[in-house]
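Everything on this sheet refers to the single structure shown next.
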Amino acid sequence: MNEYIKKFKTAPMMWILVIVLLAYFPTALASAPETDKRAISVELAIDKGKIGIQASISMLTPHTSSQFAQKTEIVSADKPTLSEALRQISINVGKRVALSHVDLIIISQELAKENLVTTFDNLLRAYDLSNDTIIIVTNKTAKEMLEASQKLQSATGIPLYQILLQNKVYSFFSDSSLETFLKGFYSYDGASVLRYVKLTNDPNLGISPSGSSETPPINSSPQGSSSKSIDNMFISCTFSAGLFKNGILVDELNQEHIRGLNLLAKNISQGSLSIKDPNYSLIIPKKDVKLNAKFQNLQPVLEVTLRLDSRLEEDNNKHTQDYSTLASNTNFVNQKVNQKISNKIKELFFDAFKICKKHNADLLAFTQMFKTLPEYNNFVNSLQSDDYLLNHLVFKISTNVVQID
């Protein structure tokens, strides 16, 4: 013991550590917690209000609990601009609104039909908002979705943004973040997409945000009336997206459209597919896409080579043979199945591409591949002023389906 004391006395770094602790530790203990000065927001909802913009935040409120859970309260304000609405919330709660912890921004469909870039520009300039914050569009008011998200987390412990993060890893060609949205807006075609997350009355299309019937009620907004009840609504996280042109919502891509774009997106490495006659459901654990852009007689041609490592997920055909024999026969890929899969891929993709071409929305950046070719300038000069490359693009898609165990 004496030996340790001697070492302590002769170690200057230990004395420095003691001095630092004596200088700062009492001050840290005596200082007020950060939540006394800041309204820590984890989700932000933005709607069109009666005056201008209605902002609603899900604010963390500190409480003592033996369980790992966080308590939140929804606070709203309606002002001519978003910055004024957030400032009014700060006045109402007596704390400065802090958005640095916001994981999810919810935009109402009504507001999305106006230019969102001014709103997002204000957020980036005035608040420490992360560029990878997820943004979604909802069919109801953003505040209603915020209430549903809060009830979902209260009932299950799962935040909505975590569900969206998990889904985008394998099911969505765009990450629906603030940074990606702004990159699309400032790109050559001004096109971008945001995830659509809807509230629906159909229990088959979503998950209930209420959990059990004993889930505590939502805290009402101190600004006055709260939104209508969402107890009978379900959060639908099906893979649909809002298509934006120059920051304005112009169309919707449904689940099949997203699936079609995913098949040719190089950043999506897996997926699923269903075909008829034979009725197979396939899982695609690995997908490889090779794209080759070229001009043929001043015509832009994109050669697409798809390799799909596929596994039979479900056989929906009617069989007369013994099931044990059927289960042992796992060879399902033949020339007919390969052709059916190829036709299905083309059907899904071209249905989605039709919408993209309608709005000159080059969501998979095909045009960029042609810009590096020497014939590109001559091709552009031959177009009319209101014409663009997507209108003339020819696809040559070849598919190779490889069966895996």
Side-chain angles (χ1 to χ4, degrees), residues 166-174 193 204-205 236-241 252-294 296 300-357 362-366 369 390 393-405:
Q166 177 64 24
N167 287 343
K168 73 133 185 180
V169 171
Y170 60 90
S171 302
F172 202 62
F173 66 90
S174 175
V193 291
N204 297 316
L205 296 179
S236 174
C237 291
T238 54
F239 304 113
S240 60
E252 180 179 352
L253 299 169
N254 63 30
Q255 188 168 359
E256 293 302 293
H257 296 145
I258 298 299
R259 195 188 300 271
L261 293 172
N262 283 346
L263 287 166
L264 266 66
K266 300 192 76 171
N267 61 316
I268 299 295
S269 60
Q270 50 188 305
S272 60
L273 200 64
S274 296
I275 59 172
K276 294 182 178 180
D277 188 29
N279 299 323
Y280 287 151
S281 294
L282 310 176
I283 191 77
I284 305 171
K286 185 179 179 181
K287 172 176 71 73
D288 182 59
V289 184
K290 288 184 171 58
L291 304 175
N292 179 42
K294 63 181 183 180
Q296 289 182 343
V301 177
L302 188 64
E303 296 176 336
V304 182
T305 304
L306 273 175
R307 175 193 162 101
L308 305 177
D309 291 352
S310 303
R311 182 184 297 118
L312 184 60
E313 186 177 35
E314 189 173 1
D315 184 344
N316 298 310
N317 297 284
K318 294 181 179 179
H319 298 278
T320 57
Q321 64 263 49
D322 180 68
Y323 180 77
S324 60
T325 305
L326 174 66
S328 63
N329 182 18
T330 57
N331 297 321
F332 67 93
V333 176
N334 53 38
Q335 186 175 357
K336 178 182 178 181
V337 169
N338 205 338
Q339 187 61 49
K340 289 280 185 178
I341 292 174
S342 177
N343 292 342
K344 184 65 176 181
I345 289 172
K346 292 175 183 178
E347 176 190 336
L348 289 171
F349 173 73
F350 286 120
D351 282 349
F353 185 70
K354 188 184 301 181
I355 296 176
C356 296
K357 190 164 65 171
D362 192 4
L363 298 179
L364 297 183
F366 294 139
M369 302 177 193
L390 293 187
L393 185 55
V394 175
F395 290 89
K396 294 183 178 179
I397 302 176
S398 61
T399 305
N400 179 26
V401 182
V402 179
Q403 179 176 327
I404 60 174
D405 295 329

Rounded distance [0.5 Å steps], [atom1] in [X] versus [atom2] in [Y]:
X: S236; Y: Q255; atom1: OG; atom2: CD; value: 8.5 Å
X: L390; Y: K354; atom1: CG; atom2: NZ; value: 15.0 Å
X: S272; Y: R259; atom1: OG; atom2: CZ; value: 4.0 Å
X: K294; Y: K396; atom1: NZ; atom2: NZ; value: 5.5 Å
X: T399; Y: N338; atom1: OG1; atom2: CG; value: 7.0 Å
X: K340; Y: N279; atom1: NZ; atom2: CG; value: 9.0 Å

Shortest non-hydrogen contact between [X] and [Y], atoms and distance:
X: I397; Y: K346; answer: O-CE, 3.6 Å
X: I258; Y: A241; answer: CD1-CB, 3.9 Å
X: L261; Y: A352; answer: CG-CB, 3.8 Å
X: P285; Y: Q270; answer: O-CB, 3.4 Å
X: L263; Y: I345; answer: CD1-CG1, 3.9 Å
X: K336; Y: D277; answer: CE-O, 3.4 Å

- Message: Whether the side chain of K287 engages the backbone of I268 through a donor-acceptor N/O pair (distance < 3.5 Å, no angle test) should be reported.
- Response: yes

- Message: When you measure from the side chain of N262 to the backbone of G260, do you find a donor-acceptor pair of N or O atoms at a distance under 3.5 Å?
- Response: no

- Query: Using 30° and 60° as the class limits, which term best fits the ring planes of F349 and F353: parallel, tilted or perpendicular?
  - Reply: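 F349 and F353: parallel rings.
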
Check whether any side-chain heavy atom of [X] sits under 4.5 Å from a side-chain heavy atom of [Y], and report yes or no.
X: L282; Y: L308; answer: no
X: V333; Y: S310; answer: no
X: V337; Y: V401; answer: no
X: I355; Y: H257; answer: yes
X: L302; Y: L291; answer: yes

- Message: Going by the rule side-chain hydrogen bond (donor to acceptor under 3.5 Å, both in side chains), which residues pair with Q339 if we only count those two or more places apart in sequence or in a different chain?
- Response: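 Once residues adjacent in sequence are excluded, the partners of Q339 under the side-chain hydrogen bond (donor to acceptor under 3.5 Å, both in side chains) criterion are N343.
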
- Item | Verdict with reasoning, E313 to S274, per side chain to side chain contact (heavy atoms under 4.5 Å, CB included) | CA-CA 10 Å; E313 186 177 35; S274 296; over 6 Å; no

- Step-by-step salt bridge (charged side-chain N to carboxylate O under 4.0 Å, His left out) determination, D288 to K290: CA-CA 7 Å; D288 182 59; K290 288 184 171 58; 2.8 Å; yes

- Task: Decide, yes or no, whether a salt bridge links D309 with R307 under the criterion of side-chain N to carboxylate O below 4.0 Å.
- Result: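 Result for this pair is yes, salt bridge flagged.
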
